Each structure stands twice: as structure tokens, then as C-alpha cells.
Amino acid sequence: MNINCTACLAFAALGSSVLMAGDFVNLDFEHPDLSHATPDPVIPSYLRAPASEALEGWSLTADAIPPTTIYVTSLGGSKPPVALTGGLGTIPGTGVDFGKYELYLDKPSEVPGSLEPIYRLSQFGTIPAGATELVYYHHGAGPGGAGPTPGSFQILINGNSIPYFEAGVSYANVSKYAGQQVSLEFVFAKGANIFDISGFTSAPEPSTYALVGLGAVALWWQGRRSRQ
């Protein structure tokens, strides 16, 4: 194999092992269907789109009732209670890209007699084999507990709460469910929540590290020959 090809394949293998989506649809909110979006009659800069299309792949409920409309707005300024807004892009110093859109969830109107004055966002999909963590961003209420009306943010897989660590770019441990089809669910307390997902991450296989090492040596040798 050509030395340059070896090096390219090595680094491509490493890069491709970092972020994955499995067969989840629109996992990162970057692929909304806006074909039926229309300008809001009150604030024309806002777009109104059917919730099932703007959040394609996801199921969202507010106080146990699915919202029918999702607004699409730019980053900054006032926001409707449920909206796709301008995303964070790439977080400086991390290289983690959160793309063009993020999800904004403000206080849902409480339905009289509702047992769930919260948002639930869920989807069925397969967590990629070898996945170790879900990389996400959340700004809102801090870690919380169980119960029908939790006081804060939760991540559930098949109904089971999973551990997570939040510090700007945040991580939830999904290694127990790698390779399985699951129900992935996020629970948000009332209040302003900003939420986005980058993808699932995995630790490269040892063979990948070996390939990267071979590529690095190949590039060093090629450079040495060129200088001579």
C-alpha cells in the first residue's frame, strides 16, 4: 500500500470512530423537515412548523400532551415556549460540533389535573455497538431524582435513569446498552431548557490505534525522505 494512503486510512479510521448516531432519526436536531413551515402572523421572523416534522424522529410531550407546533427562530432574543433556535456550533477548545439548531423548552402551560408538569422527549433507536457515551449540551435545571414529577433533568434508557456528567459539553454513560435497540428519553423540568445532542462516542479499538500509529510513522518517514 502507498505510504500516503496508509496514513490517510489510519487517521480516517480514528476520526470515523468518534461520533455516531446509530439508526436514530434526526438525533442532533440538524435535519428538521421545514417544507410546511410558514411565517408566524405576529412575528414574521419566526417560522411555525408541524411538531412531527420539525422534530422528525422524536416524540415530545408537554404536560403529557404533544405540542402541535414547533417554532424555528434565530439565536438570541426572546423565544417561544417550544422552539428550534440557533445552535452552538463548535464549542471552542473542544472540537465538539453541535450544529445549526438546538432545542429550547420553556415553561409548558400546566394542564388542570396533569400528573406530569414536565417535558418528555423520546425516540426508539439502536445505540451503536461499542458506544460508550452520549455527548450532549444542556442548560437548565441541575441533576434530579426519580418520581412522576422530577425536579430537574433526567436521561432514561428503557425507563432506567443513567448517570451523566454536565459541564458545558456533557456526557451520559450508555456503554451498558451499546448495540441494543432502546427507548431513549429525556425529562425536563418546567423552566427554560436549552438542549442539543452531538452524537454517541466510542473508544477506538486497539487495532485502530495501531493503524494510526502506523500512519504517523509513515508520515514521519515520508517527511524524512523528502528532507534528504
Side-chain angles (χ1 to χ4, degrees), residues 9-33 52 54-61 84-105 119-144 150 152-188 193-212:
L9 287 174
F11 290 105
L14 180 59
S16 64
S17 67
V18 175
L19 286 173
M20 306 166 289
D23 61 358
F24 285 91
V25 176
N26 193 27
L27 178 70
D28 54 6
F29 312 119
E30 291 304 301
H31 306 286
D33 179 358
S52 60
L55 287 179
E56 186 175 5
W58 291 101
S59 173
L60 177 67
T61 60
L84 283 175
T85 67
L88 295 169
T90 301
I91 303 294
T94 69
V96 178
D97 185 10
F98 284 99
K100 180 179 179 181
Y101 294 109
E102 63 189 18
L103 184 61
Y104 178 79
L105 302 172
Y119 285 102
R120 289 183 179 271
L121 178 72
S122 62
Q123 182 175 168
F124 285 96
T126 301
I127 294 180
T132 55
E133 294 172 317
L134 175 69
V135 183
Y136 70 96
Y137 175 86
H138 172 238
H139 178 75
S152 58
F153 178 69
Q154 291 186 98
I155 304 175
L156 306 173
I157 292 183
N158 294 339
N160 301 313
S161 181
I162 63 171
Y164 60 84
F165 173 77
E166 290 195 350
V169 177
S170 305
Y171 303 88
N173 188 336
V174 299
S175 56
K176 178 181 177 181
Y177 301 93
Q180 301 179 34
Q181 186 175 48
V182 302
S183 168
L184 176 63
E185 184 176 27
F186 303 91
V187 180
F188 304 86
N193 290 273
I194 299 172
F195 182 68
D196 205 351
I197 296 175
S198 184
F200 296 100
T201 186
S202 68
E205 297 293 327
S207 58
T208 301
Y209 282 118
L211 188 60
V212 171

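Nothing fancy with the numbering, it's 1 onward along the sequence. On a predicted model such as this, the values are computed, not experimentally measured, just so you know. The basis for the numbers below is simple: all heavy atoms, side chains too, and nothing from hydrogens, waters or symmetry mates.
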Are any of the side-chain heavy atoms of L60 and L105 separated by less than 4.5 Å?
-> yes
Can you give the donor-acceptor pairs under 3.5 Å from side chains of residues 168-175 to other protein atoms, not counting sequence neighbours?
| residue | atom | partner | partner atom | Å |
| --- | --- | --- | --- | --- |
| S170 | OG | A167 | N | 3.4 |
| S170 | OG | G168 | O | 3.3 |
| N173 | OD1 | S175 | N | 3.0 |
| N173 | OD1 | S175 | OG | 2.7 |

What are the two closest heavy atoms between G22 and P128, and how far apart are they?
-> N-CG, 3.5 Å
Quick one: are L55 and L103 in side-chain contact, heavy atoms under 4.5 Å?
-> yes
With sequence neighbours left out, what residues match F29 under ring-ring contact (aromatic ring centres under 6.0 Å, His included)?
-> W58
Might you point out which heavy atoms bring S202 and G130 nearest each other, and give the distance in Å?
-> CB-O, 3.0 Å
Only counting residues at least two apart or in another chain, list the ones meeting side chain to side chain donor-acceptor pair (under 3.5 Å) with E133.
-> none
For Y136, check side chain to side chain donor-acceptor pair (under 3.5 Å) against everything at least two apart and list the hits.
-> E166
Would you please name every residue forming a ring-ring contact (aromatic ring centres under 6.0 Å, His included) with F98, sequence neighbours left out?
-> none
Would you check, one step at a time, whether the test side chain to side chain contact (heavy atoms under 4.5 Å, CB included) holds for I127 with I157?
-> CA-CA 10 Å; I127 294 180; I157 292 183; 3.8 Å; yes
Hey, are the side chains of T85 and E102 touching, using non-hydrogen atoms and a 4.5 Å cut-off?
-> yes
By side-chain contact (heavy atoms from CB on, under 4.5 Å) - contacts of S52 (at least two apart) | P50
Calculate, to the nearest 0.5 Å, the distance between atoms CG and CG belonging to D196 and L27 respectively.
-> 9.5 Å
Do R120 and L156 have side-chain heavy atoms sitting under 4.5 Å apart?
-> yes
Would you say V96 and Y137 make side-chain contact, with heavy atoms under 4.5 Å?
-> no
Take the angle between the ring planes of F188 and F153 and call it parallel below 30°, perpendicular above 60°, tilted in between.
-> tilted
Do the non-hydrogen side-chain atoms of F186 and N193 ever get within less than 4.5 Å of each other?
-> no
Any side-chain heavy-atom pair from F24 and V182 closer than 4.5 angstrom?
-> yes
Correct closest heavy-atom pair for A131 and A178 would be O-CB, 3.5 Å
Which residues share a ring-ring contact (aromatic ring centres under 6.0 Å, His included) with Y177, sequence neighbours left out = none
Kindly write out the residues that satisfy side chain to side chain donor-acceptor pair (under 3.5 Å) with D23, not counting sequence neighbours, or none if the list is empty.
-> T126
What are the two closest non-hydrogen atoms of P32 and L84, and how far apart are they?
-> CB-CD1, 3.9 Å
D28 meets the side-chain contact (heavy atoms from CB on, under 4.5 Å) criterion, sequence neighbours left out, with N26, E30, H31
Distance, nearest 0.5 Å, that separates CG of L184 from OG of S122 | 8.5 Å
Can you name the closest pair of heavy atoms from F124 and S183 and give their distance?
-> CE2-CB, 3.6 Å
